[in-house]
Each structure stands twice: as C-alpha cells, then as structure tokens.
Amino acid sequence: MNDTDCVEVLLDVPLQGTFSYRPATPLPVGIRVRVNFGGRELCGVVANGMSRPAPGVKLKPVSEAYAALPPLPESLLRMAAFAARYYHHPAGAALFTALPTLLRQPRDVAPPDRRPWRLTEAGRLAPPPPRQRARLALWQALERAAQDDDALRAVSPQALRVLAEWAGQGLAERFDPPREVSAAGDLPALTGEQATAVDSVAASLGRYQAWLLQGVTGSGKTEVYLRLIARVLAEGRQALVVVPEISLTPQLIERFARRFAGARIACLHSHLADGERLEAWVDAWQGRADIVIGTRLSVFTPLPRLALIVVDEEHDASLKQHDGLRYHARDLAVWRAHDAEVPVLLGSATPSLESVANADAGRYRRLMLTRRAHAAARLPAVRLIDTRRAELTDGLSAPVVDALAGALSRRELSLVYINRRGYAPVLACPQCGWTSGCPHCSAKQVVHLQSRVLRCHHCGDAEPLPRACPDCGNADIRPLGEGTQRLEAALGALLPKARILRIDRDTTARKDAWDAVYRRVSAGEVDILVGTQMLAKGHDFGALSLVVALGCDGGLYSADFRAGERLFSTLMQVAGRAGRAGVAGEVLVQTQWPDHPLYQALARHDFDGYAETLLAERREAGFPPAAHQALVRADAPDGAAAAAFLQGLLASVADDPAVRVFGPAPALMARLAGRERAQLVIECAERARLHAWLSAAEPVLARLGREAGRALRWAIDVDPLEL
DNA sequence: AGCACGCCGACT
DNA sequence: GTCGGCGTGCTC
C-alpha cells in the first residue's frame with residue numbers, strides 16, 4: 001500500500017463532510033474504526049475506499065479497526081447519506097443517529113453469540129475417551145441434538161471452555177438453526193377488499209411500489225399486513241414494520257408472534273437497554289430476525305433480505321423526529337423501499353394530506369378498506385352537542401352525562417376523550433386577572449391537583465400550588481377549564497357507581513402500565529375510560545358503545561395550519577373506537593361550532609371529502625403538500641440575538657424568486673425553557689429549489705453560528721410538522 | 001459537540 | 001505567586 005493513501009471517515013461531530021486518515025492496512029467501506037480527532041479518541045465509520053489525500057494536509061493514522069462485527073452494509077451508508085442530504089444534517093452525525101448507542105462508542109463490541117452448538121463431521125467421529133467424563137457427557141449431549149449455551153452449561157460447568165477448544169480444533173461449531181416459519185392456526189376469512197389489497201401488494205413484491213392502505217378503524221389493516229408478511233417469510237425474506245408509539249408494539253408483537261410461530265421477531269425502540277437494542281439490531285442485520293417491529297428509529301435497521309416495509313398509522317406525527325436529524329420515518333421508509341426495490345405499505349384510517357396528495361398524483365397507489373372486517377360492526381352515529389345552548393357542569397353537558405349513565409346501566413364500556421391532562425389547563429384569579437403563566441415558556445402552568453403542583457407541560461418545571469393569588473393575595477383563585485383529572489373527578493361524583501380509568505401520560509408513564517390497562521379493560525373492570533389522544537392511537541379496547549369528545553374547538557381556528565387536519569384525524573380515530581365487534585356505537589361531540597364543516601364531515605364519516613376540502617385550502621394558501629417547506633430555527637436566551645442571527649442569514653443567501661422566505665418571526669411557542677425562539681419559514685413549489693436555498697444557507701449558518709457564540713443554537717427542519 | 005488555548009479574579 | 005472562570009477557535 002502506498003503510504004499516501006487514505007480513507008474517508010465519518011465521525012459523530014456536527015461538522016460537514018468526512019475526515020481523512022491513514023490506515024495501517026486497506027480497510028473496507030463500512031468498517032468501524034477508532035481515530036484521534038482534535039485530541040480525543042472517537043468512533044468513526046469508513047465511508048469510501050482508498051483515496052488520495054488532499055495535498056498539504058497532515059494525516060493521523062487510524063488507531064484501530066474494529067473486527068468483532070462485519071463492516072456496516074453499504075445500503076445503510078446510502079440511506080444515512082440520503083437522510084443527511086435531504087434533512088441538511090452533517091453526514092457523520094446522520095449515520096451515527098442510525099446506529100445503536102453501543103456502536104457509536106470507540107469500543108469494539110458485539111452482542112453475545114446465542115446460536116446453538118453442534119458437532120462437526122470430524123467432531124462426530126472423535127468421541128472423547130470415557131475417563132474424560134465431563135467431555136464425554138458434552139459430546140453425547142451434542143451427538144443427540146444441537147444445544148444452546150444454557151443447556152450445555154447444565155451438562156458441565158466447563159462446557160463453554162471445552163467448546164471453544166473444540167471449535168478451535170474444528171470439532172464443534174455454532175450454527176443458525178433452520179427456522180420453520182408458518183402461519184399458524186385458523187386464519188380469519190378476508191373481506192373482498194382485504195383480499196384485493198393483499199393480492200395487489202403481493203403482486204408488487206420484488207419491485208418498488210408505494211401503497212397507501214386507507215382502511216376505516218376496524219377494517220382489518222393488520223390482517224392485511226399479516227398475510228403479506230406470511231408471503232415474505234415463506235420466501236425466506238424479511239419484513240420491517242414501523243409503528244409510531246412504543247405502547248403499540250407489545251400488542252402488535254404478541255399478534256405477530258401468535259401468527260408466526262417459529263419466526264424470530266426483533267423489537268426495536270428507544271426504551272430498550274443498550275445491549276438489547278444492539279442484539280436486536282445485529283440479529284436483523286445478520287439475517288437472524290425475520291420481522292423487525294419498531295418505532296421510527298427502526299427504519300434504519302439493516303436487513304439483508306428485506307422484501308416488504310410496512311408503516312402503520314402513517315399519519316402519526318410521532319414518526320417525525322424533532323431534534324438532531326429531523327427525519328420522518330415514513331418518508332425514509334419510502335426512500336428505502338425504492339432503494340431496496342421492495343414495496344412499502346403505508347397504512348392509516350386517516351392518511352396524512354401528504355400521502356393523500358401523493359396518491360392523487362399517482363406516486364402512491366391507493367387501496368381502500370371501507371367496510372369493517374366484523375360483519376356486524378357498523379360505523380357509529382355521530383351526535384353534535386351545541387354547548388352554546390347547553391348548561392355545563394365541570395365541562396359536561398346533560399346529554400353527555402345521560403348517555404354515559406345509559407351506557408353504564410347497560411354495562412357497556414364508554415370512552416371520554418379530552419386532549420388535556422392534569423386537572424385544569426390554567427389557574428386564574430378572578431379578582432385581578434392573574435393566570436398561572438410559566439416563568440420559562442410562553443405557556444400556562446397546568447393545575448395538577450393530585451400532586452398539588454402547577455406544572456408546565458412544555459419545560460416540565462413545577463411549583464407548589466399557591467393558596468392565594470401571588471399578585472393580589474386573593475384566596476379565591478380558581479382552576480379554569482377541564483383536564484383529564486377533573487373529568488375523572490366530576491364523572492366520579494355524577495356517576496358514583498361507575499368504575500373510571502384515566503389514561504394519560506401521567507398514568508401510563510410507568511413501565512407495564514399499558515399491560516394493566518388492557519388487563520382491567522378486558523376483565524370488564526372498567527365502565528368509563530377517560531383520557532387524552534393516547535386513546536386515539538390504535539389501541540383496541542374491544543367493545544366500546546359510547547365515545548364522547550370534549551374541548552376540541554381549539555383545533556378549528558388555530559394559528560397552526562395543520563391543527564384542523566390533526567383534529568379531524570384524531571376525532572375520526574377516537575370515533576372509530578365506538579361500535580366495534582357487533583355493538584352499535586354512538587359518538588357525542590361537545591362543541592360551540594356544530595355547523596363547522598369539520599364536524600359535519602365527521603358526522604358523515606367522510607374522510608375523503610374533508611381531506612379534499614383541506615387539500616383545496618392548502619393549494620389556495622400555498623401550504624404543504626401543495627408546496628414544500630423548511631424552517632431555520634434559532635433560539636437563545638436573548639430573543640433579539642436569535643432574530644438578528646436569522647436576519648443575517650436572510651441577508652447573505654441569494655434570492656430565488658421561486659423561494660419565499662418569511663420571518664424572522666417568533667415560533668408558535670415563542671419562549672421555551674427560558675429560551676426565546678425565532679424562525680425563518682422557507683417555502684417553494686419545487687423541492688429542488690428549496691434544497692438549493694438550504695444548501696446555500698448551510699455554510700452561512702455555520703459561520704454565523706460560530707460568530708454568534710455558544711448561547712445561540714440553530715437547526716434546519718425540512719418538512720416541519722410544527723411551526 | 002468536546003477540548004484546547006488564552007487572558008483576568010480569589011486562594012494555598 | 002498559581003488555580004480556574006468560561007470566551008473563541010479548531011478538529012483529517
């Protein structure tokens with residue numbers, strides 16, 4: 001090797017590009033290495049093969065090349081490189097967000113090898129002599145059948161030492177046992193629509209095609225996934241299933257495991273211990289896992305025999321990462337499907353307008369499930385309660401209380417949805433007008449009566465509940481409005497016989513909390529579920545007869561142009577909980593605006609009609625998906641500094657008449673955790689020109705960021721979901 | 001992001 | 001006299 005040759009190394013630093021190092025021996029692309037960078041030892045990944053170093057640059061040597069695992073696959077490097085380009089994030093940082101924590105560290109690691117042992121041909125012919133009793137027992141155990149470490153340790157405490165020795169002599173080896181993967185048991189009959197969906201997607205296996213599976217709640221989208229995955233597994237290939245919430249994975253995993261006995265299912269989410277995550281990731285990468293189910297980060301998992309990607313609840317905002325590399329798992333899944341030449345199936349009862357527009361434009365093909373899988377299940381009747389004419393006690397109207405009492409007397413399960421946790425969204429003094437504003441954020445502190453605190457839901461800061469107004473000393477200060485805790489209390493007083501279960505982030509924060517919820521609900525120990533939008537996220541509570549939605553009007557006339565889409569989607573989803581499995585359902589919505597087109601469309605169960613209305617509005621206003629957006633966010637303790645930074649950027653990036661730039665303006669949440677937040681909104685009908693603008697902005701941002709100092713932080717957010 | 005190098009206040 | 005505050009500047 002010529003000593004002027006070098007490799008390009010990606011590092012987990014917020015700096016553009018790669019760094020050149022001199023390796024002792026030629027290194028393959030994708031290998032993890034340890035290098036010295038600015039005085040510290042970092043983990044790096046070799047990005048390119050050998051190249052000529054730029055003249056005049058002094059090169060450091062590669063300190064160490066890690067060999068415990070094979071080099072990372074090029075498909076992963078391609079995906080990370082695409083994500084870096086698309087989201088305008090440093091390439092090294094993008095790759096490292098795709099890796100499990102243990103692979104980001106400058107240490108050679110591999111998960112424990114749990115493959116079973118067997119004797120080789122030579123080993124079978126060489127039994128140990130009878131006086132080596134422990135060795136003979138081991139040999140005999142392996143002669144009967146392959147065994148895993150635990151079983152062999154039970155035969156002899158020395159087992160693993162002996163086996164290592166035998167492996168060295170070619171007498172024993174670890175191996176991947178063949179898996180008998182079969183779809184188990186009696187499969188439910190498919191509806192005609194489900195069968196069409198399965199056949200259509202199955203016909204596209206082996207090439208790229210994006211499918212939008214739009215199925216009303218209870219129409220059996222999961223069954224479609226299962227049938228397709230069965231075909232993939234029958235071919236010995238792998239499937240990737242991305243879901244928005246960790247809490248949705250246990251249910252799904254259980255259902256997959258029941259269906260595919262013998263299949264290896266790897267589960268990936270951020271609550272795993274580092275070691276578990278590494279093991280699941282490597283199992284998938286080494287082809288030992290057949291199915292990967294996980295949250296957004298699992299979209300990066302290497303899968304050598306990938307044949308199908310499923311993104312469930314594709315409309316869900318949790319699929320977008322909102323710090324660091326701000327990627328959308330659905331969009332990366334579509335890119336990956338294209339790169340791997342496999343179909344991708346996006347499922348939702350209420351697809352995002354982005355996906356609806358892609359389907360309308362023919363980029364995605366649409367599959368509809370309009371009927372519920374359960375023949376007896378019909379869509380619920382929606383009744384709008386006009387709160388301008390109804391008297392409210394603790395936010396509840398008489399028709400709502402009557403309906404809940406009726407369901408209770410029939411022993412039917414009801415659900416009350418309100419998108420506010422805590423007791424009341426604000427504490428106020430009626431005498432002087434004081435309200436419980438957060439000292440660090442432009443938000444109100446929420447009354448939590450159980451823990452007796454005021455807590456900001458944005459920065460998490462809490463303080464004891466005051467007994468009197470901090471401004472005027474008035475002792476008669478009052479919680480205004482309703483949250484889940486207050487509803488729970490009010491319903492308990494109005495319907496003393498009802499067994500109420502509250503579900504919000506406060507009650508489900510503990511591990512296994514969802515387990516307990518399902519147990520209590522399925523054991524019939526609950527009459528009324530009270531909760532936030534968590535209740536709208538694909539959890540199956542079985543037979544629900546009544547759904548009540550409260551306090552939704554805020555989404556109708558919000559400053560956020562996506563608020564209406566989100567509200568409509570959430571209401572369709574909670575309403576969909578009613579009337580499953582043969583119980584006729586009813587949905588009551590309390591509102592001041594019963595004539596609003598959103599509620600009228602909800603009453604007709606008309607997702608497509610209202611989606612087209614919203615799309616027309618977006619086209620009119622030039623908002624996504626009719627145009628493409630990006631944000632440059634800046635925040636600093638001093639608001640003027642953030643604005644000046646963005647102003648400086650604006651002044652230094654060349655105008656493109658096709659690119660509209662708005663701002664600097666305060667973010668929707670203008671103050672968060674003691675920092676003032678400002679932003680530029682960049683809009684363009686052509687994605688390429690938006691990216692050109694951002695590319696031109698990048699070096700300016702790096703320079704201005706340096707000049708502005710540590711106090712100022714900035715970030716680019718491509719396809720932002722929140723302004 | 002780290003971690004150096006670099007110039008001004010309270011300590012053995 | 002120097003220990004260390006964190007401002008700015010660089011990292012193949």
Side-chain angles (χ1 to χ4, degrees), chain A residues 1-66 71-72 77 80-81 83-84 87-107 270 274 321-327 632-638 640-642 644-645 648-649 673-675 698-717:
Chain A
M1 190 180 61
N2 188 324
D3 66 3
T4 60
D5 284 347
C6 66
V7 285
E8 295 301 306
V9 176
L10 290 155
L11 297 172
D12 193 7
V13 289
L15 298 170
Q16 221 44 250
T18 58
F19 299 88
S20 310
Y21 285 87
R22 195 163 33 77
T25 57
L27 293 176
V29 169
I31 195 170
R32 292 171 61 245
V33 294
R34 179 166 60 84
V35 294
N36 185 287
F37 183 74
R40 64 208 158 112
E41 295 295 308
L42 291 185
C43 175
V45 174
V46 172
N48 303 315
M50 312 305 277
S51 59
R52 238 356 73 71
V57 188
K58 63 218 174 314
L59 295 191
K60 291 185 179 179
V62 171
S63 313
E64 186 182 0
Y66 297 135
L72 300 170
L77 300 188
Y87 292 105
H88 293 266
H89 200 70
L95 175 61
F96 277 78
T97 49
L99 300 181
T101 324
L102 288 174
L103 293 185
R104 295 181 210 167
Q105 284 154 13
R107 271 180 34 219
S270 54
D274 290 348
Q321 172 119 342
H322 42 261
D323 50 22
L325 176 68
R326 294 163 189 252
Y327 65 96
V632 180
R633 304 173 184 276
D635 63 83
D638 169 22
F645 168 81
L649 174 68
R675 302 179 66 89
E698 272 181 81
V700 184
L701 278 164
R703 178 172 55 82
L704 293 177
R706 231 180 298 120
E707 287 166 11
R710 293 272 188 272
L712 185 127
R713 292 186 311 209
W714 61 270
I716 293 176
D717 190 351

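To find a chain, count down the sequence lines: A is the first, B the second, and so on, and within it residues start at 1.
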Return the value, rounded to whole Å, for the distance between atom CZ of Arg34(A) and atom P of dC12(C).
15 Å
Can you tell me the distance, in whole Å, between the CD atom of Glu8(A) and the P atom of dC12(C)?
13 Å
Expressed in angstrom and rounded to an integer, what is the separation of Leu11(A) atom CG from dC10(C) atom P?
18 Å
Rounded distance (Å) that lies between atom P of dC10(C) and atom CD of Gln16(A)
18 Å
For the pair made of CD in Glu41(A) and C1' in dC3(B), what is the distance, rounded to whole Å?
14 Å
Using whole Å, report how far CG of Leu15(A) lies from C1' of dC3(B).
13 Å
Phe37(A) CZ to dA4(B) C1', straight-line distance once rounded to whole Å:
13 Å
For Tyr87(A) and Gly324(A), indicate whether the former's side chain and the latter's backbone hold a donor-acceptor pair under 3.5 Å.
no
Which nucleotide in the set dA1(B), dC12(C), dG2(B) lies at the smallest distance from any side-chain heavy atom of Phe19(A)?
dC12(C)
Counting any heavy atom closer than 4.0 Å, what does Tyr21(A) reach on the DNA or RNA strands: base, sugar-phosphate only, or nothing?
sugar-phosphate
Would you kindly give the CZ-to-P distance between Arg706(A) and dG2(B), to the nearest whole Å?
18 Å
For a quick check of understanding: with a heavy-atom distance under 4.0 Å over all strands, which category does Asp12(A) fall into, base, sugar-phosphate or nothing?
nothing
Side chain proximity check, Arg703(A) to Leu701(A), heavy atoms < 4.5 angstrom:
no
Under a 4.5 Å cut-off applied to non-hydrogen side-chain atoms, are Phe96(A) and Val45(A) in contact?
yes
Short side-chain to backbone donor-acceptor contact, Tyr66(A) and Ile31(A), under 3.5 Å:
no
Closest of dG2(B), dC12(C), dA1(B) to the Pro14(A) side chain is dA1(B)
